[in-house]
Q: 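Sending over a structure as structure tokens; questions will come in a sec.
Bear in mind the structure is a predicted one, so any value in this text is a computation, not a measurement.
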Amino acid sequence: MNPYMKLKRLEFPVTFRCTGSCKHCSNGTVRPEAHINTQRAVSVVRELCGQHALESVMTFGGEPLLYSKTVCEIHKTAKDCGVPLRQVITNGFFTTDEAKMRDTAFRLADAGVNSLLLSVDCFHQETIPVEAVYSFAEAVIKAGIPGVQLQPAWVVNRSHQNPYNQATEDYLDCFSNLGISVSDGNAIFPAGNAVVYLSEYYPKRPFDLEYQCGDAPYTEKLDGVSCLSISPDGDVMVCCFIIGNIYHEKILDIVKRYQPNHNPAMAALLNDGVGGLVRYGSSLGIEAEPDNCYSPCDVCRKIVRKLKA
């Protein structure tokens, strides 16, 4: 067991292909065609469950149900391995064939999916027909999948007064007669398309360069990793850092050798926060210009992206 890895959660963005084209999408307009290999993904779940007490396996995208068979195989394996939470995030629009919608919903139920978050908000519904999403929601309910919720995206937060949030509230009302609860959703962060279309709601402000990983939502300390994400191209991600690739080696070997202090960029973050990473990048001629970034995470992503290039 690696002392820096205390794995509880495994995420698969199955594909970055999508049926929508949303203004808030952090992936931007780049949509690689790759999708995760089913057998390698299943092997990863099985191998990790053999050594770690995983509590959650999630599939999302892009639109993961464009590859529904892969999604079902991942969650069936997670169920067989005793993972308690088996979760899908979908925009609900992967076909216009209602028979296929119903079949997919029942296959997800049979695979053991016990949490399905349906992305419904004004951003998705600009390019995704709400009628099709409603039909899929009905199919999911009939299939008996537990833990179905609407998962909206909010500009700044739900209480912030802006036309996007009001439009989202209106779309949520369209589903009220189905009795589906609304989750807290997620607060949009400025990346990808959101920078292009929503930057007016995210002014750039000075921040403390001693900021550490784990201080921001959806982040954790690099020397206490509980979540891995496996990209469609097989890259194993700790936050925005690639630590290996499941198509080139076994996941347990990747986990076993993980040493954040042996990676200069990670070590700089661990020892001196975002400021340490900025100084490390500067030593290599990489300038992130923190004053021109939206958050400490924005600084980190920009530097790490340039380190990969």
Q: In Å and rounded to the nearest 0.5 Å, what is the CG to OG1 distance from D173 to T168?
A: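 One finds 11.0 Å between CG of D173 and OG1 of T168.
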
Q: If a pair satisfies ring-ring contact (aromatic ring centres under 6.0 Å, His included) and one of its residues is in residues 210-241, list it, with sequence neighbours excluded.
A: none

Q: Going by heavy atoms in the side chains, are E73 and T70 under 4.5 Å from each other?
A: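 Heavy-atom side-chain distance check fails, nothing below 4.5 Å.
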
Q: Going by heavy atoms in the side chains, are L54 and L48 under 4.5 Å from each other?
A: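 A side-chain contact under 4.5 Å exists here.
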
Q: So, R86 versus S115: side-chain donor-acceptor pair below 3.5 Å or not?
A: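 Checked: R86/S115 side chains show no N/O donor-acceptor pair below 3.5 Å.
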
Q: Go through C239 and C213 one step at a time and tell me if the side-chain contact (heavy atoms from CB on, under 4.5 Å) criterion holds.
A: CA-CA 9 Å; C239 196; C213 293; 6.0 Å; no

Q: Given side-chain contact (heavy atoms from CB on, under 4.5 Å), test L269 with V274 step by step and report yes or no.
A: CA-CA 6 Å; L269 272 171; V274 173; 4.2 Å; yes

Q: Report the residues that fulfil salt bridge (Lys or Arg N to Asp or Glu O under 4.0 Å) with R305, sequence neighbours left out, ordered by chain and then residue number.
A: none

Q: Identify the two heavy atoms, one from A288 and one from C293, that lie closest to each other, and give their separation to 0.1 Å.
A: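 Looking at all heavy atoms of both residues, the shortest contact is O-SG, 3.5 Å.
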
Q: Show the nearest heavy-atom pair for residues G28 and N193, with the distance to one decimal.
A: CA-OD1, 3.2 Å

Q: Of all heavy-atom pairs between R301 and A191, which one has the smallest distance, and what is that distance?
A: NH2-CB, 4.3 Å

Q: Between V88 and L117, is any pair of side-chain heavy atoms under 4.5 Å apart?
A: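 Answer no - side chains too far apart.
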
Q: In this structure, would I243 and Y247 fall into the same cluster of hydrophobic residues linked by side-chain contacts under 4.5 Å?
A: yes

Q: Rounded to the nearest 0.5 Å, how far apart are CG of N165 and SG of C122?
A: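 Rounded to the nearest 0.5 Å, the CG-SG separation comes out at 7.5 Å.
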
Q: Within the 3.5 Å criterion, strictly below it, is a donor on Q151 or S183 matched to an acceptor on the partner's side chain?
A: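 Result is yes, a qualifying pair exists.
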
Q: So which pairs with a foot in residues 39-58 pass side chain to side chain donor-acceptor pair (under 3.5 Å), sequence neighbours left out?
A: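 Found R9-S56.
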
Q: Look only at the side chain of K76 and the backbone of D110, and say whether a donor-acceptor pair between them is shorter than 3.5 Å.
A: no

Q: I'd like to know if V42 and L252 are part of one continuous hydrophobic network [Ile/Leu/Val/Met/Phe/Trp/Tyr, side-chain heavy atoms within less than 4.5 Å].
A: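 The answer is no; the residues belong to distinct hydrophobic clusters.
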
Q: Is it the case that atom NZ in K204 sees more than 12 heavy atoms from other parts of the structure closer than 6.0 Å?
A: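 It does: K204 NZ has more than 12 such atoms within range.
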
Q: Other than L85, which residues form its hydrophobic cluster under the rule that side-chain heavy atoms must be closer than 4.5 Å?
A: none

Q: Output all residues satisfying side chain to side chain donor-acceptor pair (under 3.5 Å) with S199, sequence neighbours left out; order by chain, then residue number.
A: none

Q: Should S68 and L108 count as side-chain neighbours, where that means a heavy-atom distance under 4.5 Å?
A: no

Q: Under a plain distance cut-off of 3.5 Å, with no hydrogens placed, do H160 and N157 share a side-chain donor-acceptor pair?
A: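 The answer is no; no qualifying pair exists.
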
Q: Only counting residues at least two apart or in another chain, list the ones meeting salt bridge (Lys or Arg N to Asp or Glu O under 4.0 Å) with D298.
A: K302

Q: Roughly how far, to the nearest 0.5 Å, is CG of L277 from OG of S282?
A: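 So the gap between those two atoms works out to 11.0 Å.
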
Q: Would you indicate whether K100, at its atom NZ, is surrounded by more than 12 heavy atoms from other residues, nucleotides or ligands within a distance under 6.0 Å?
A: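 Atom NZ in K100 is not crowded, with 12 or fewer foreign heavy atoms closer than 6.0 Å.
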
Q: In terms of heavy-atom contacts, does CG of D170 have more than 12 from other residues, nucleotides or ligands at under 6.0 Å?
A: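 Yes, CG of D170 has more than 12 neighbouring heavy atoms, counting only those of other groups under 6.0 Å.
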
Q: Could you measure the distance from the NE2 atom of H248 to the CD1 atom of I254? Nearest 0.5 Å is fine.
A: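 Atom-to-atom, H248:NE2 and I254:CD1 are 9.5 Å apart.
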
Q: Restricting to pairs with a member in residues 228-243, which pass side chain to side chain donor-acceptor pair (under 3.5 Å), not counting sequence neighbours?
A: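 For residues 228-243: D235-N245.
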
Q: In the hydrophobic clustering (ILVMFWY, side-chain contacts below 4.5 Å, transitive), which residues join I188, or is it alone?
A: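 Once heavy-atom contacts under 4.5 Å are chained together, I188 belongs with F123, V155, V156, Y164, V195, V196, Y197, L198, Y201, Y202, Y294.
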
Q: If hydrophobic clusters are built by linking Ile, Leu, Val, Met, Phe, Trp and Tyr wherever their side-chain heavy atoms come under 4.5 Å apart, do F94 and I141 end up in the same one?
A: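 Linked, F94 and I141 end up in one cluster.
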
Q: Do L307 and I286 touch side chain to side chain, with heavy atoms closer than 4.5 Å?
A: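 SC-SC contact between L307 and I286 confirmed.
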
Q: Under the criterion side-chain contact (heavy atoms from CB on, under 4.5 Å), I'd like the reasoning laid out for K23 against E126: C-alpha separation, chi angles, the key distance, then a yes or no.
A: CA-CA 9 Å; K23 287 180 178 176; E126 276 190 332; 3.5 Å; yes

Q: Check whether the side chains of Q166 and N162 place a donor and an acceptor atom closer than 3.5 Å, and report yes or no.
A: no

Q: Just by distance, no angles: are the side chains of T95 and D97 close enough, under 3.5 Å, to form a donor-acceptor pair?
A: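 Short answer, no.
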
Q: Sequence neighbours left out, what passes ring-ring contact (aromatic ring centres under 6.0 Å, His included) with F16? Give chain and number order.
A: none

Q: Restricting to non-hydrogen atoms, name the atom on W154 and the atom on G185 that form the minimum distance, rounded to 0.1 Å.
A: NE1-CA, 4.3 Å

Q: Taking E220 for the side chain and C227 for the main chain, is one N or O donor matched with an acceptor at less than 3.5 Å?
A: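 Yes; at least one donor-acceptor contact below 3.5 Å.
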
Q: List the atom pairs, with distances to 0.1 Å, where a side-chain N or O of residues 129-139 and a protein N or O form a donor-acceptor pair under 3.5 Å, not counting sequence neighbours.
A:
| unit_1 | atom_1 | unit_2 | atom_2 | d |
| --- | --- | --- | --- | --- |
| Y134 | OH | N177 | OD1 | 3.2 |
| Y134 | OH | N177 | ND2 | 2.8 |
| S135 | OG | E98 | OE2 | 3.4 |
| S135 | OG | E131 | O | 3.2 |

Q: Distance-only criterion, 3.5 Å: show the donor-acceptor pairs between side-chain atoms of residues 58-67 and protein atoms not counting sequence neighbours.
A:
| unit_1 | atom_1 | unit_2 | atom_2 | d |
| --- | --- | --- | --- | --- |
| T59 | OG1 | H75 | NE2 | 2.8 |
| E63 | OE1 | T90 | OG1 | 3.1 |
| E63 | OE1 | N91 | N | 2.8 |
| E63 | OE1 | N91 | ND2 | 3.4 |
| E63 | OE2 | L65 | N | 2.9 |
| E63 | OE2 | T90 | OG1 | 2.9 |
| Y67 | OH | R17 | NH1 | 2.9 |

Q: Measuring from C22:SG to I128:CD1, what's the distance to the nearest 0.5 Å?
A: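 Rounded to the nearest 0.5 Å, the SG-CD1 separation comes out at 5.5 Å.
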
Q: Would V255 and I242 show up in the same hydrophobic cluster when neighbours are defined by side-chain heavy atoms closer than 4.5 Å?
A: no

Q: Side chains of E169 and R158: closer than 4.5 Å at any heavy-atom pair?
A: yes

Q: Roughly how far, to the nearest 0.5 Å, is CG of L150 from OG of S181?
A: 7.0 Å

Q: Got a sec, which pairs hit side chain to side chain donor-acceptor pair (under 3.5 Å) with one end in residues 253-279, sequence neighbours left out?
A: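 For residues 253-279: E249-R257.
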
Q: With side-chain contact (heavy atoms from CB on, under 4.5 Å) as the criterion, how do V299 and V278 come out once you've worked through the C-alpha distance, each side chain's angles and the decisive distance to 0.1 Å?
A: CA-CA 8 Å; V299 177; V278 170; 3.6 Å; yes

Q: Any donor-acceptor pair under 3.5 Å linking the side chain of N114 with the backbone of P84?
A: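 Yes: the side chain of N114 pairs with the backbone of P84.
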
Q: With heavy-atom distances below 4.5 Å as the criterion, would you say the side chains of Q125 and V120 are in contact?
A: yes

Q: Is the shortest heavy-atom distance from the side chain of I246 to the side chain of I36 under 4.5 Å?
A: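 Yes - at least one pair of side-chain heavy atoms lies under 4.5 Å apart.
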
Q: Can you tell me if D121 uses its side chain to pair, donor with acceptor, with the backbone of A153 under 3.5 Å?
A: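 The answer is yes, because a donor-acceptor pair under 3.5 Å joins these two groups.
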
Q: Determine whether a donor-acceptor pair (N or O, by modelled atom type, separation under 3.5 Å) exists between the side chain of S119 and the backbone of H124.
A: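 No: the side chain of S119 does not pair with the backbone of H124.
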
Q: Could you check whether atom NZ of K306 has more than 12 heavy atoms from other residues, nucleotides or ligands sitting under 6.0 Å from it?
A: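 More than 12 within 6.0 Å, yes.
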
Q: Using every non-hydrogen atom in the two residues, find where T127 and G20 come nearest and quote the distance to one decimal.
A: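 Shortest heavy-atom separation between T127 and G20 comes out as OG1-CA, 3.5 Å.
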
